[in-house]
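Both backbone and side-chain heavy atoms feed into the values below; hydrogens, waters and symmetry mates do not. Numbered from 1 within each chain, the chains take letters A, B, ... in sequence-line order.
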Amino acid sequence: MSTRLATRGRLIDRSKPIEFTFNGTSLRGFEGDTLASALLANDQMLVGRSFKYHRPRGIVAAGSEEPNALVGLGSNRRYEPNQRATTTEIFEGLTATSQNHWPSLEFDVGEINSKLFSRFLSAGFYYKMFMHPKPFWKHVYEPFIRHSAGLGKAPDKELQDADTYEHFYFYCDVLIVGGGVAGLQAAKTAASSGAKVLLIEEKNYWGGRTPVDGGTIEGDDAQDWVTKTVAELEAMENVILRSRCMGAGVYDHGYILGYERLTDHAPDMAGPRHRLWRIRATQTITATGAIERPLSFAGNDVPGVMLAGSMRDYIANWGVLPGQRVVVATNNDDAYRTALALHHAGADVVRVVDAREEGGGKLAEEVRGLGIRIDNGRAIAKVKDGKRVTKVAICPQNGTGGAREEIAADAVAMSGGWSPVVHLWSHCGGKLTWDAEQAHFKPDPLRAPTGADGKAFVVTAGSSSGPMDLKSVMANAAKAGINATQAVGRTAVDAGEIKTSVISEAPMLPVWLMPANADIELRMKTWLDYQNDVKVSDVQLAAQEGYESVEHTKRYTTLGMATDQGKLSNINGLAILADSLGAEIPQVGTTTFRPPYHPISMGAIGGEARGEIFQPLRKTPMYAWHDDNGADWEPVGHWRRPYAYVQDGETVDQAVNREVKNTRENLGLLDASTLGKLIVKGPDAGKFLDMLYTNMMSTLKIGKCRYGLMCSENGFLSDDGVVARIDEDTWLCHTTTGGADHIHAQMEEWLQTEWWDWKVYVTNATEQLAQVAVVGPNARKVLEKLNATAGGGLDLSAEALGFMEWADGKIGGFDARAYRISFSGELSYEIAVPASQGLAFWEALVEAGQEFGAMPYGTECLHILRAEKGFIMIGDETDGTVIPQDLGLHWALSKKKTDYLGKRAHSRSHMADPDRWKLVGLETLDGAVLPDGAYAVGEGVNANGQQNTIGRVTSTYYSANLERGIAMGLVKHGPDRMGEVIDFPGLDGKIYQAKIVDPVFYDKEGEKQNV
Amino acid sequence: MSDPVSALNGKTYSGSATVTENGLCGMIVLRGTFTDTVFQQAVRDIVGCDVPDIRKLVRSEIGSAAWMSPDELLLLVDYSQTEAKLSALRLALAGTHFMAENVSDARACFTVTGAAGREVLAKIAPVDLSPVVFKSGDFRRTRFAQIAAAFWLDEADTFHIICFRSVAEYMFNLLKTSAHPNAGVGVY
Amino acid sequence: MKRYSAFAVAREALRYNTGWGRAWRSPEPKKHYDVIIVGAGGHGLATAYYLGKNFGITNVAIIEKGWLGGGNTGRNTTIIRSNYLQDPSAAIYEKARSLYEDMSQDLNYNVMFSPRGVIMLAQTEHEVRGYKRTAHANALQGVPTEWITPARVKELVPIINLAGPRYPVLGGLWQERGGTARHDAVAWGYARACSDMGMDIIQKCEVTGVRRDGDRVVGVDTTKGAIDCNKIGMVVAGNCSALSDMAGFRLPVESVALQALVSEPIKPCMDVVVMANTVHGYMSQSDKGEMVIGGGTDAFNNYTQRGSFHHIEETVRALVETFPMVSRLKMLRQWGGIVDVTGDRSPIISATPVEGCFVNCGWGTGGFKAIPGSGWAMAELMAKGTAPLAEEFSMTRFREGKFIDESVAAGVAH
Amino acid sequence: MLILECPYCGVKAEESELSAGGEAHLTRFGPGSSDDEFHDYLFVRENPKGVHFERWRHANGCGKWFHAARCTMTLEVFGTYSAQTTEPPQEIKDVITAKRPGWSWRNVSDETNTEGQRT
Ligand SMILES: Cc1cc2nc3c(=O)[nH]c(=O)nc-3n(C[C@H](O)[C@H](O)[C@H](O)COP(=O)(O)OP(=O)(O)OC[C@H]3O[C@@H](n4cnc5c(N)ncnc54)[C@H](O)[C@@H]3O)c2cc1C
Ligand SMILES: NC(=O)c1ccc[n+]([C@@H]2O[C@H](COP(=O)([O-])OP(=O)(O)OC[C@H]3O[C@@H](n4cnc5c(N)ncnc54)[C@H](O)[C@@H]3O)[C@@H](O)[C@H]2O)c1
Ligand SMILES: Cc1cc2nc3c(=O)[nH]c(=O)nc-3n(C[C@H](O)[C@H](O)[C@H](O)COP(=O)(O)O)c2cc1C
Ligand SMILES: [Zn+2]
């Protein structure tokens, strides 16, 4: 029976009762309780079911190492699976449900796995079976396995998380992780140097275990020392303390993640739920303490079997007595503290089972003095199975488990010794060394993780360094503070020896199995990894089958792969493995420690980036107008561009067709602001552009424009656009929307890293200007009307501004630059105005254009218009594997220039291959639209049995002007095969027959644009 | 010609700090050789201050100059005078190798005021914003969450932020989220 | 070797599993082998297996510096698909996928190949067109794939947020026969089968030099001494540049870190593999219940098996947007692998300038799915000198400009 | 998450402010070069385990390219330096020699004082 004590409980406030529910039952706790302590206070020993065997499981630990007590917490938009009861602070209205059982926690059908099949479900059993009949894996076995695995249930598929998250970048000289006495001392020492110090502690209280374990520091009772020290640190300007903030991971170059849980303990509080601290610390001190190891005996997973240290935590911290009749099993002196705590809290310590023949030291004497029976050299043979502890069988440690004595008990406190928490030390490459005396791995200070400067950047402090007694812990912590401070170039005040109480302890005895030669029946009931149901026999089987590397054993048995990452099981597991292999533990080594120390929410990792700030959304100055006027948006990089403007009663396709016709017949307006506009200036600008473009740009006359192509060094077409020469040493290069940033970056790269002696400057002016394409037979009319009505002298007549020319001036009162260029084959002007007037200019055009039939058009119409004219589009006709020659763009490849990017590449054998597919137009025989991406089939199959192909569609549209499908494609020997009909099988099963034609479908003579 | 409008037309939000889109600001990108005395004089003539030190912004009555890179300054002037100053600058530098372009409309400007300003920025920019490290007159180019930005701190502890115009709304929402009244960190 | 079966498991259970022997032997190296495979990852082991199975070459040693399967084979997100755009890729990945279907039976080791289907989401017009193109190509390559509507996507992936809102799902390329497999088991199954054929798997033995007689390879130096051989297959993924240096030739490869992470296990909530390339995230659920999530690659050379956290952040951000419920899951563990990336991001299966020395590398971020097909082709190449599946993957293609570029159809390589 | 100090603006930039640009000190080969030269220029990389020289750009910052000397096994940064150079400066080589005696990279090593021969 687990009960709440009338006294004790330093962390709870009995004046503040709290109601919460567990599996629908209303229970009470106090402010300061964890869910685990509150459950225990209500005698709720059974809290969950194990992963594989669905064994009844209770709370074993009191901190984040807890493997069993995982619950589903909250509901709806605040539901979260797999929350640890031991790290969950209770609050009014908390709802928790246990996991991994059906139909209920008490009666779980899955338990049959444990009762009947457990011996069949040994390590790796599924690799050996479920192979026949073959389809059964997908349809029977796998679904079954998946449903019985998996722990908590998934959050609702449709609900958005109710909470928000954020990040915080923080920089300090010394970061201390862990706010136990060691962390506090290290912080105090480091802070004395004036260094900027951040101290983080995952729990909501300071001091770690010491106030529970007792002792004095500098003459004060541990708790008083903690209170005093915290106050001292809080008063210092150079120190920041954060509780509820876990050191989650240590990454390269001193980058550390802090995971601060802001509202988990009070979900109704406004503000972000979690904050991910992205800390860059010159030195990090990990003062993360030590974790107690369970003992490996049969039935060590029965609810009521608990870590000894945790049991006294429950008594001291939360005033909860987990059992009335308790057996304490140990291989070291520390567990006697639990015996004392139990006794003083009123429990009956029915036996202390000490595996050591010699027994314990001073603390043992004290226990014996209280009349408690201590059995030396003995072990727990077995705890009787069930939903809670009822009987404990005791036997000699050096035996197979025979000669048992059975005693009645309702709880067992076990201690297998303590292991330093070395996770953070190890994340970034810190190495460990084996301490045979204490039987644990501890950090090897000579092989610390190293940072950007090649020097160690992590120091450990306190029990996470190895020493377990208070005196050495404090000395080690102070030293860590001094070392870290030195490493940041400062001098700490050396406080000298820190006086503490001293209790000498007898040496511990490594005990990896209880009893030492436990028979197979017992080993099959002896748990190593509670959550993943890995037993001693599993590890032994893995070794027997040749999975000898500790990494193989881990993966074969799943030891240490559960949500606790083996905090309790790893060392015990590898000791068993070492024993099975006849090897020493350090030879076997550990598995790799990886972040996070303890699972962290995905929400926190994503941070603020959700909803409208999931990603930047780039908007042109006319964005709002488009949105108000029916824009069907298309994402283009981070931009959003109107695909079409849908009017009432129209489908998107109808809108596109309307726009296509209207632009050719009347007037279309396109927001072309996203096109890249790079200004290139300098005495060597012409020479530079000649290198970047395949054609000649240096000879372009001022006032003129030229269409240019760019290739990568690898020869592939990468961008295109119209280049205008502005003055003697200035050019303006238009790029594609996607190309703007990237071509700009590329220009800078060549200028800075290859031709750094060339005098050229580049500025990306893309966003300075809003650009509108005014397209169609009425293009000139609308602009002239603007000039006439609103003033503006720019002469836009054919004579003053010829095709492929540009001019600056005022149009309708706006400062403008007009380019007479055309991507549609129509009379067309592209007009740039300052972005701050883009919307006004656009609106002016729309209004003035009314009488000329002006309509805005979107990207799809743009595509169709250019396809009707056989103009290529980067990203359609090109895909990163296409060279200009494939597209019949030889005319744009300068013969005069000795060099330009891509030129050398074009002479490689495959690029000069006459069999390359070449651009042609394609017309279906029946006028249908060729399917996008279709391939043309050739004769036969290739060496791998694949159908041979001879071409593919690169763009295909319905042309409303021609009232038929038009397409372009790349076809083997295409230009030589005009008029031939080739077959394109569609995904719909139909074969589309298309004639190879010239790619210019509309206005072949190009008369329309030249008016 | 109609009145020029900034990306968000002066939108503002008050939380733990006040975030304001600042309207249009005259900005000239000036590239050239900093050590050239002609260049230095031109800068002095246009904005009334010397070429700033690395990662600094200097101010005068008539304008400011910010260090963008070893060969690039950002000159801040009155919006209405940008074109005139640009012409003057081009004239002054004629014959040297330089580039001067008006980028006023390519950018959006924000201020963040209030005691929580440092924290608001520290949630989204990987920069040490502690008062001993980042001081008034410091100018820094970095990223704000997923976009490039530049910012500086003035004597009145106001942060000034510049980003591209197209992402003004993203920037505003980012700062707004960061300045949520219940999301104070409490370290600065 | 004892056959694995439900019957054997039951029988052994009754005698406390005492009768199970080793899955593979751990022998000392012999002085000479016909073939030495360097690297006991999936590709190396599969190469050895098919050398034995298809060509009767069994005097083979597989030399592994660490533990077998501990390289990228042991740390990948296990996505298997063959809906590639380019013919040579589709051929080898489809060969691999079809071998996966029978692998458990063939090896008598359950590799848990789970043909649960793979969806590649199209979230931009560009992707729509890219995937339609791939679907057309696949139809002619004999790879059954299907272009599916958003409604069908939602049916297959109930946890998805179709509306975006940023990148609404416009459809997807669906390969019903794609899926996942238990990655470790693939290595272990091959290892067991190789060992059973008499091949020697030598673990904890690093190849430190390649011994040549003129232009011909004659053996290797290892941390366990020199070993002679007639042919070498270098199948060491991220370490291939180091190995080729030993042999005296260079490879067009760079080694970079690729990361992955898993959530805590939850009950089944997603039955297919989803790849969302626009936002850079992909995810599946393992049989144990974790959401298995692939991250991005660093752009710098790195041999630490760790990567930079901002890639994890980017991936998780994308997944929270795509699958809102992910927000309230927790990351359990993250890790990295060192992947070998070539100039066109497609692999190399090739003879080399050194006679008798063959190389298989460059699988980069996506070679788990290829393991059986690659082993098949590599074995044929080593045994016969040519192999149709390997033909186009020769290292000379970079000289000719004959790339195999998969990125063109909005695709990524995983 | 690396930090590299930009030699131009002095910012100790974290990786997310930078973009990595691959191997340093490549010689560009254009028309007239042999197939081997061109192939190696485009594709063959040192990819060393250990000392490496590479290019980075302070992309979310001053925008400048620079060079870094770094160890690919430990990620230690030996130094950063100007992009406008065809070989690592002597100071950087000295730093590396002190930390990694016997190092070599392409034809640069702790002994030689090459004139930055680029292969
Ligand atoms: C995070 C991540 C996610 C991935 N996701 C996917 C995915 O979803 N789908 C997919 O298809 N692919 C994926 N991949 C890629 C896939 O893992 C690899 O392509 C594949 O596993 C490579 O197998 P391999 O046998 O070539 O290499 P490895 O498995 O790396 O084996 C190479 C072996 O060579 C050994 N070796 C190296 N040097 C020496 C030496 N000198 N002497 C002896 N031995 C040596 C190594 O120790 C290693 O064991 C992913 C990779 C990573 C890292
Ligand atoms: N006699 C024994 O056998 C024995 C064994 C173990 C500990 N002890 C006693 O325990 C005390 C140890 O003091 P200490 O300060 O070294 O350890 P501690 O366990 O008291 O404190 C460590 C603190 O670090 C925190 N922490 C751990 N990982 C963290 C992370 N990733 N992020 C943030 N916080 C984290 C913990 O919550 C804890 O508060 C001493 O009094 C020692 O004598 C004794
Ligand atoms: C598909 C897959 C699923 C995994 N699932 C888990 C898991 O449930 N628990 C766990 O701890 N690790 C899991 N891992 C990660 C491994 O523990 C390990 O990190 C990975 O294999 C890399 O090895 P290393 O971390 O030892 O370097 C998984 C890995 C893969 C590839
Ligand atoms: Zn810089």
Side-chain angles (χ1 to χ4, degrees), chain A residues 164 166-172 196 198 240 242 262 269-272 275 278 280 607-609 611-613 615-621 638-639 673-674 679 681-683 729-730 759 761-770 790-791 810 812-815 834-841 844, chain B residues 1-7 24 27 29 31-32 71-72 79 83 97-108 119 121-130 132-133 144-148 163-174 176-178 180-188:
Chain A
T164 61
E166 67 179 26
H167 292 168
F168 189 65
Y169 295 89
F170 189 80
Y171 298 75
C172 60
K196 185 173 170 193
L198 172 66
I240 291 168
R242 305 300 282 202
L262 296 162
M269 210 156 99
R275 177 180 294 133
R278 315 173 77 163
R280 193 68 81 160
E608 81 294 330
E612 52 186 6
I613 50 173
Q615 267 185 3
L617 176 57
R618 297 179 72 181
K619 297 180 172 182
T620 73
H638 282 171
W639 293 100
S673 308
T674 59
I679 302 170
K681 175 177 185 290
D729 67 355
T730 312
K759 289 195 158 93
Y761 288 128
V762 183
T763 286
N764 185 348
T766 302
E767 298 202 17
Q768 172 67 16
L769 301 163
K810 283 221 185 276
F814 292 87
D815 287 324
S836 60
Q837 294 171 60
L839 177 60
F841 181 62
Chain B
M1 170 150 158
S2 60
D3 286 342
V5 284
S6 66
L24 289 159
M27 277 182 250
V29 154
R31 300 188 66 173
D71 61 9
E72 180 175 337
Y79 184 78
E83 280 299 331
H97 173 41
F98 77 100
M99 171 177 255
E101 292 294 333
N102 183 350
V103 291
S104 318
D105 283 11
R107 313 269 161 96
E119 290 184 0
L121 266 62
K123 290 181 191 180
I124 45 187
V127 175
D128 188 348
L129 281 151
S130 74
V132 283
V133 175
F144 273 34
Q146 301 171 57
I147 55 173
C163 67
F164 281 112
R165 181 182 178 112
S166 66
V167 288
E169 195 157 310
Y170 172 82
M171 176 64 93
F172 184 81
N173 288 330
L174 201 57
K176 178 176 148 184
T177 306
S178 215
H180 187 283
N182 295 103
V185 184
V187 300
Y188 295 133

Whether A:Y761 and B:H97 hold their rings parallel, tilted or perpendicular, with breakpoints at 30° and 60°: parallel
Closest heavy-atom pair and its distance - A:A835, B:D105: N-OD2, 3.3 Å
OH-NZ distance between B:Y170 and A:K619, expressed to the nearest 0.5 angstrom: 13.5 Å
Nearest non-hydrogen partners of B:Y188 and A:K196, listed with the distance: OH-NZ, 4.3 Å
Reported NZ-to-CZ distance for the pair A:K759 and B:F98, which is rounded to 0.5 angstrom: 14.0 Å
Side chain, backbone, both or neither of B:Q146 within contact of chain A (heavy atoms, under 4.5 Å): both
Residue part contacting chain B, namely of A:A270, when any heavy atom lies under 4.5 Å: both
Most chain A-contacting option - heavy-atom pairs closer than 4.5 Å, from B:L174, B:V132, B:V133: B:L174
Contacting region of A:T620 [heavy-atom separation from chain B under 4.5 Å]: neither
Under 4.5 Å from any heavy atom of chain A - which part of B:A7: neither
Atom group of A:R275 that falls short of 4.5 Å from chain B, counting heavy atoms: side chain
Side chain, backbone, both or neither of B:E83 within contact of chain A (heavy atoms, under 4.5 Å): neither
Leading residue by heavy atom contact count with chain A [cutoff under 4.5 Å; candidates B:R107, B:E101, B:E72]: B:E101
side-chain contact (heavy atoms from CB on, under 4.5 Å) evaluation trace for A:F168 with B:V187: CA-CA 11 Å; A:F168 189 65; B:V187 300; 3.5 Å; yes
Heavy-atom side-chain proximity of A:S836 to B:R165 below 4.5 angstrom: yes
CG on B:L129 to OH on A:Y171, rounded to 0.5 Å: 8.0 Å
Partner chain A: residue of B:N102, B:L121, B:I124 with the largest heavy-atom pair count (under 4.5 Å): B:N102
Closest approach of B:T177 to A:E608 (non-hydrogen atoms, all atoms of both residues): CG2-CB, 4.3 Å
Contact class of B:F172 relative to chain A, heavy atoms under 4.5 angstrom: neither
For A:R618 against B:V167, the heavy-atom pair lying closest together: CG-CG1, 3.6 Å
Option in B:V185, B:L24, B:N173 with maximal non-hydrogen atom pairs under 4.5 Å from chain A: B:V185
Which portion of B:A125 sits near chain A, non-hydrogen atoms under 4.5 angstrom: backbone
Contact winner vs chain A - B:E119, B:M171, B:M27, heavy-atom pairs under 4.5 Å: B:E119
Partner chain B: residue of A:R278, A:R242, A:H167, A:K681 with the largest heavy-atom pair count (under 4.5 Å): A:K681
Interface moiety of B:V29 toward chain A, non-hydrogen atoms closer than 4.5 Å: side chain
Stepwise side-chain contact (heavy atoms from CB on, under 4.5 Å) check, A:W639 with B:S166: CA-CA 8 Å; A:W639 293 100; B:S166 66; 3.6 Å; yes
Spatial distance of atom CE (B:M99) from atom CG (A:D729) [nearest 0.5 Å]: 8.5 Å
Which atoms of B:F144 approach chain A - backbone, side chain, both or neither, heavy atom under 4.5 Å: neither
Smallest separation among heavy atoms of B:R31 and A:V762, with atom names: NH1-O, 2.8 Å
Residue selection (most heavy-atom pairs with chain B, distance under 4.5 Å) from A:L617, A:L769, A:T164, A:T730: A:L617
Where B:P4 and A:Q837 come nearest, the two heavy atoms and their spacing: CA-CG, 4.1 Å
